[in-house]
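Just below is one structure, and these are the notes that go with it.
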Protein chains: 2
Amino acid sequence: MSKDQLRTYIQSFVVLSNEEMEQFLSSFEEVKVKKRQFIVQPNFINQYRTFVVKGAFRTYAVADNGQEHTLQFAIENWWVSDFNSYIYQHPATLFVVALEDSTILQLAFNKEQALKKANHKFETFFRIMAEKGLAFEHRRILFDLTHSAEARYENFLLNFPNFVQRVPQYALASYLGMTTEFLSRIRNKRTRKKS
Amino acid sequence: MSKDQLRTYIQSFVVLSNEEMEQFLSSFEEVKVKKRQFIVQPNFINQYRTFVVKGAFRTYAVADNGQEHTLQFAIENWWVSDFNSYIYQHPATLFVVALEDSTILQLAFNKEQALKKANHKFETFFRIMAEKGLAFEHRRILFDLTHSAEARYENFLLNFPNFVQRVPQYALASYLGMTTEFLSRIRNKRTRKKS
DNA sequence: ACTACATCAACCTTTTTTCTTGATCTGCTT
DNA sequence: AAGCAGATCAAGAAAAAAGGTTGATGTAGT
C-alpha cells in the first residue's frame, strides 16, 4: 500500500503508536495524476498538503512578462504545495504541475487542523516539517545569492543528483536563475572537460 | 471588439436596451488560452460560465479505469463548462481543455447571480440557454441510444460538419461512444466508398 | 454463423517540446 | 577600454508525444 511509504517517512520524525499512525494516515487520500496535470493553479485555493509517493512535480510562478520562475521540485518523499495558499487558505499564485505520471497522498486543510487539535504529536510533526522547509530555503537563498550560475548548477548536481535526470532542463534553469541557453552551455563545457 | 460577437449572439435570443446590453457584457472578462490548457479540472470549482469567441474546447470525464468520455465540444458561439460544478458550485468532476489556441469570455458565478437578480430579462436569457442545452442533450441521448456507431458518426458529420475537421479523432470517438480504432475503420470505409 | 464492435499490439506520421548553437548585446569589474 | 558573466534572439536538430492506421483476434447478441 502506498501509505506505507508515508508511514516510514513519518516514523523517521516522530514516534507514534499504531492507532495514532492509523489515524494520521487515514486522513490522507491517494490520488493519481498524469504528466502535465496541475494540482495547484493561481486563483484557486490550494486545498491540500501533498506528499509525493511516486513521480515528480514542479512549482513555479509566472511573472508579468511571462517568464517562469521555478520555486521547488519534488520527487518521492517530498512535500509539495503553494504553501502561502495552503497555510493561509488564500488563492494560490503558483502553479504546481506533474512532470511525470505520479501518485500522491493529499491531506485536506481542515483534516490537518483536526489532526493538530487532536494530538500534540501530530502538531509536532507538522512543526518539524515546517522547520526543515524553512531551513532548507534559507540555505538555498544564501547559496544562490553568493554563487555564480555555474557554481549553483554544480551545487544542485551535488545535492540532488537524482533530480537532474528527471526535471526538464528549462525548468532547472529557471530554478537556478539563469536562461536555458546558458545552462546548456554550462553543461556542454563540463562534459567536454570531463572526457 | 470580441464582445461584439457575444452581443450579436445575445440579441438573437432577447431584446435588450443599449444600457442593459452594456451592463450584461461588462460582467464578462475576456481571456486567452493556449491549446491544451485546462479551464476546468476535477476537484476545483468551476467558477465561470464561458462563451467561446474563438477556438475549440472539449469537455470530458476520466473513468476509474482511465477511459476518457467526451461529453461536449464547443467552438465559436458555444458555451462550455462543467455545468454541474458551475451551477451547484461544487468541485468539478470534468476536464475542460482547449483544443486550439482560443479566446473566451468568462462570467463569474457571483456576477451571474447579480445579473439575474438585477433584471428579469437577464434571467430569461439564462433560462433560454438552459432549455436549449437540455433539449440538445435529450436529442443526443435519444439518437445515440437508438443508432449504430456508423450512424452516430454520419449524424455527427451531418449536424456538425464544422466540428469534424477541428476535433481530434480520438476525442470524437470517445464522444460518439466507440473506440478510436473503430472510428478509423468507419472513416476509411466511407472514403473508399466515395471515391 | 454473422454482425457490430472491442482489445491489443505494432507501426507510421505529424506535431510539439526540449535542447543546442552561433551571433550579437549589456552591464559590471578591473 | 577590455574582459567576463550572463541575457537575448534566431535557427536548427533531436527527442518525445500525440494522433492515426492496420491487422489479428476476441466476444456478445441475433
Side-chain angles (χ1 to χ4, degrees), chain A residues 33-38 56 58 60 63 65-70 73 95 97-102 144-157 163-193 195, chain B residues 33-38 56 58 60 62-63 65-70 73 95 97-102 144-156 163-193 195:
Chain A
V33 300
K34 295 253 205 111
K35 184 168 178 177
R36 290 206 177 79
Q37 196 180 320
F38 290 89
R58 166 180 174 236
Y60 66 98
N65 61 11
Q67 260 193 271
E68 296 185 359
H69 299 281
T70 299
F73 294 115
F95 294 87
V97 68
L99 296 172
E100 307 171 357
D101 292 353
S102 306
D144 288 0
L145 243 32
T146 53
H147 292 79
S148 70
E150 185 163 359
R152 296 199 299 277
Y153 174 65
E154 294 285 354
N155 184 246
F156 186 88
L157 225 50
F163 278 64
V164 178
Q165 312 101 253
R166 292 174 69 181
V167 309
Q169 224 167 101
Y170 68 83
L172 180 52
S174 87
Y175 177 86
L176 295 173
M178 66 187 85
T179 58
T180 149
E181 293 96 328
F182 197 64
L183 177 53
S184 173
R185 285 180 238 267
I186 288 175
R187 293 183 69 145
N188 202 276
K189 203 172 90 187
R190 290 184 77 254
T191 50
R192 272 208 313 276
K193 219 182 280 180
S195 60
Chain B
V33 301
K34 297 256 206 109
K35 186 170 175 175
R36 289 204 180 79
Q37 196 181 317
F38 289 89
R58 167 181 174 237
Y60 66 98
V62 177
N65 61 11
Q67 260 193 270
E68 296 186 359
H69 298 281
T70 299
F73 294 115
F95 293 87
V97 68
L99 295 172
E100 307 171 359
D101 292 354
S102 306
D144 287 2
L145 242 33
T146 54
H147 292 79
S148 70
E150 186 163 0
R152 296 198 300 275
Y153 174 65
E154 294 286 353
N155 184 246
F156 186 88
F163 277 65
V164 178
Q165 311 101 255
R166 293 173 68 182
V167 310
Q169 225 168 99
Y170 68 84
L172 180 52
S174 86
Y175 177 85
L176 295 174
M178 67 187 83
T179 59
T180 149
E181 293 96 328
F182 197 64
L183 177 52
S184 174
R185 286 181 239 265
I186 287 175
R187 292 182 70 144
N188 202 275
K189 201 171 88 184
R190 289 185 78 254
T191 51
R192 272 207 314 274
K193 223 180 279 181
S195 60

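Proteins come first, then strands; the chains are lettered A, B, ... in the order of their sequence lines, and each starts at number 1.
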Minimum heavy-atom distance B:A98-B:V33, with the two atoms named = CB-CG2, 3.9 Å
query = Which value, rounded to the nearest 0.5 Å, describes the distance between A:L99 atom CG and A:Q37 atom CD?
reply = 13.0 Å
ask   = Could one point to a donor on the side chain of A:R185 or the base of D:dT8 with an acceptor on the other under 3.5 Å away?
value = yes
Rounded distance (Å) that lies between atom C1' of D:dA7 and atom CZ of A:F182 = 9 Å
note = Output for pair (A:S148 OG, A:M178 CE), nearest 0.5 Å, gives 8.0 Å
query = Which whole-number value in Å describes the distance from A:L176 CG to D:dA7 C1'?
reply = 16 Å
query = Just how far, in rounded Å, is C1' of C:dT7 from OH of B:Y170?
reply = 20 Å
Distance in angstrom units between B:R58 CZ and D:dG19 C1', rounded = 12 Å
query = A:R58: what forms a salt bridge (Lys or Arg N to Asp or Glu O under 4.0 Å) with it, not counting sequence neighbours?
reply = A:E68
task = Identify whether any heavy atom of A:K35 sits under 4.0 Å from a base atom; if not, whether one sits that close to sugar-phosphate; answer base, sugar-phosphate or nothing.
result = sugar-phosphate
remark   = Atom CD of A:E100 and atom P of D:dA17 are separated, to the nearest Å, by 10 Å
Terminal helix-axis angle for the helix from C:dA1-D:dT30 to C:dT30-D:dA1, with five pairs defining each axis and rounding to 10 degrees = 30°
task = Name the residue closer to the 5' end of DNA chain D, choosing between A:R36 and A:H147 according to the nucleotide with the nearest heavy atom.
result = A:H147
ask   = Think A:N188 has a side-chain N or O under 4.0 angstrom from the OP1 or OP2 of C:dT21?
value = yes
key: Spacing of A:I186 atom CD1 relative to D:dA5 atom P, expressed in whole Å   = 10 Å
inquiry  = For B:F73 and B:F156, take the angle between the two ring planes, folded into 0 to 90°, and tell me which bin it lands in: parallel under 30, tilted 30 to 60, perpendicular over 60.
reply    = perpendicular
message = At less than 4.0 Å, is any side-chain N or O atom of A:T179 found next to OP1 or OP2 of D:dA7? Yes or no.
response = yes
Length of the line joining B:Q169:CD and C:dT14:P, which is rounded to integer Å = 14 Å
query = Who passes side-chain hydrogen bond (donor to acceptor under 3.5 Å, both in side chains) against A:R166, sequence neighbours left out?
reply = A:E76, A:E100
ask   = Can you say whether the rings of A:Y60 and A:F95 are parallel (under 30°), tilted (30 to 60°) or perpendicular (over 60°)?
value = parallel
task = Let me know the distance between CD of B:E150 and P of C:dA4, rounded to the nearest Å.
result = 9 Å
